[in-house]
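A quick write-up on the structure given underneath.
In what follows, chains carry the letters A, B, and so on, assigned in the order in which the sequence lines appear, proteins first and then strands, with residues in each chain numbered from 1.
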2 protein chains.
Amino acid sequence: MLSKKTKYGLKALTYLASQSKGEPVQISEIASHENISQKFLESILLTLRNTGFLGSKKGKGGGYYLLKDPGEIPMTTVIRVLEGPIAMVPCVSLNFYEKCDDCPDENKCAVHKLMLQVRDSVLEVYRNNTLADLISE
Amino acid sequence: MLSKKTKYGLKALTYLASQSKGEPVQISEIASHENISQKFLESILLTLRNTGFLGSKKGKGGGYYLLKDPGEIPMTTVIRVLEGPIAMVPCVSLNFYEKCDDCPDENKCAVHKLMLQVRDSVLEVYRNNTLADLISE
DNA sequence: TTTTATCCTATCGGTTTTATAGAGTAATCA
DNA sequence: TGATTACTCTATAAAACCGATAGGATAAAA
């Protein structure tokens with residue numbers, strides 16, 4: 001199940017992408033427009049800022065804004081930051097690989113075999129979608 | 001992330017599928033062979049039995065066995081029973097649909113748009129894999 | 001120097017997950 | 001019949017995670 005953090009984060013990003021570029025948008029505006037708890041959104045935007053997706057400006061007229069063009073933000077990077085690994089088990093993860101405690105041989109493991117396919121399949125979707133692709137015109 | 005319940009359940013199913021058909025296999029044998037807590041596995045096998053995947057036999061020489069041919073058990077059905085909905089958000093789920101509280105219009109929602117693609121993509125993987133496909137020869 | 005709005009940390013209640021304990025039931029075999 | 005075996009079921013609990021909130025610190029602008 002997708003976490004609300006990711007869901008809200010994505011909504012906030014698309015909202016920012018649909019605004020005039022570089023113009024700071026306040027948390028409160030995003031929160032009310034997308035029906036998100038403001039305080040919760042605050043922490044999400046903070047991690048998006050600390051991971052290089054957003055810039056921020058303090059004080060009056062401040063807010064958050066996209067640092068890159070929406071077309072240059074693939075979903076792979078967004079999802080990894082907000083949701084974590086794309087793979088459903090660590091033993092098939094590209095960026096967060098971890099061996100299973102059980103499982104003497106990954107190549108004979110049914111779960112491994114299946115989840116490898118799922119990972120590749122999901123990865124392709126995320127690679128084919130940038131933030132720009134998700135904005136409804 | 002895939003739950004251990006699903007992981008263990010899949011492993012148990014493939015173990016059963018690799019055994020001679022119809023022969024009951026004891027919980028303890030599966031548990032030790034696949035490095036699973038026996039008591040936990042017990043409850044998993046029970047749900048697989050109650051959902052029509054496994055049959056059981058009590059008493060000496062008893063155990064669990066597959067009710068169908070491994071080639072006739074698609075992953076879609078297994079995953080839905082063990083893990084729940086395949087979709088990552090209820091608003092794109094085929095079997096567990098639910099409208100989002102926020103989100104006035106699904107068709108304009110970025111999350112919806114993206115997760116619809118993910119669902120279709122994952123669904124195709126699950127549809128193309130039966131239990132038989134996961135057994136390593 | 002006051003206002004505005006982001007930044008940061010801590011915490012908290014609730015839910016889910018993973019696992020264990022133990023009593024109960026049914027089948028087999030001697 | 002009686003003992004053994006092994007599944008059945010319920011209850012419980014520790015741990016982890018999630019979603020949300022509180023409150024103060026910091027920095028920019030007016």
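- Atom-to-atom, CG of L45(A) to P of dA5(C) comes out at 15 Å; the value is rounded to the nearest Å.
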For T130(A) and E72(A): C-alpha separation, side-chain torsions, deciding distance, then whether side chain to side chain contact (heavy atoms under 4.5 Å, CB included) applies.
CA-CA 7 Å; T130(A) 69; E72(A) 317 224 314; over 6 Å; no

Take nucleotides 15-29 of chain D nucleotide by nucleotide from the 5' end and write B, S or -, depending on whether a protein heavy atom sits under 4.0 Å from the base, only from the sugar-phosphate, or from neither.
----SSBBB--BSBS

Y15(A) vs E29(A), test: side chain to side chain donor-acceptor pair (under 3.5 Å). Steps then yes/no.
CA-CA 10 Å; Y15(A) 184 77; E29(A) 183 184 333; 2.7 Å; yes

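- I27(A) comes within 4.0 angstrom of the backbone, heavy atoms only, and of no base.
- Going from atom CG of L46(B) over to atom P of dT25(C) covers 15 Å, rounded to whole Å.
- For the pair L41(A) CG and dT6(C) C1', the computed distance is 12 Å after rounding to whole Å.
- Annotation: E124(A), atom CD; neighbour count of heavy atoms from other residues, nucleotides and ligands within 6.0 Å does not exceed 12.
- Between the CD atom of Q26(B) and the P atom of dT4(D) there is a distance of 16 Å, rounded to whole Å.
- For E98(A), the CD atom is loosely surrounded, since the number of other residues' heavy atoms within 6.0 Å does not exceed 12.
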Show which side-chain atoms of residues 52-62 of chain B pair as donor or acceptor with protein atoms under 3.5 Å away, not counting sequence neighbours.
from: S56(B); atom 1: OG; to: R49(B); atom 2: NE; distance (Å): 3.0

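- Distance CD1 (I44(B)) to P (dT18(C)): 9 Å, rounded to an integer number of Å.
- With rounding to whole Å, L48(B) atom CG is found 14 Å from dC7(D) atom P.
- What separates CG of N50(B) from P of dT10(D) is a distance of 10 Å, to the nearest Å.
- Salt bridge E42(B)/K39(B): present, at least one basic N to carboxylate O contact under 4.0 Å.
- Distances shorter than 4.0 Å separate none of the side-chain N or O atoms of R49(A) from OP1 or OP2 on dT6(C).
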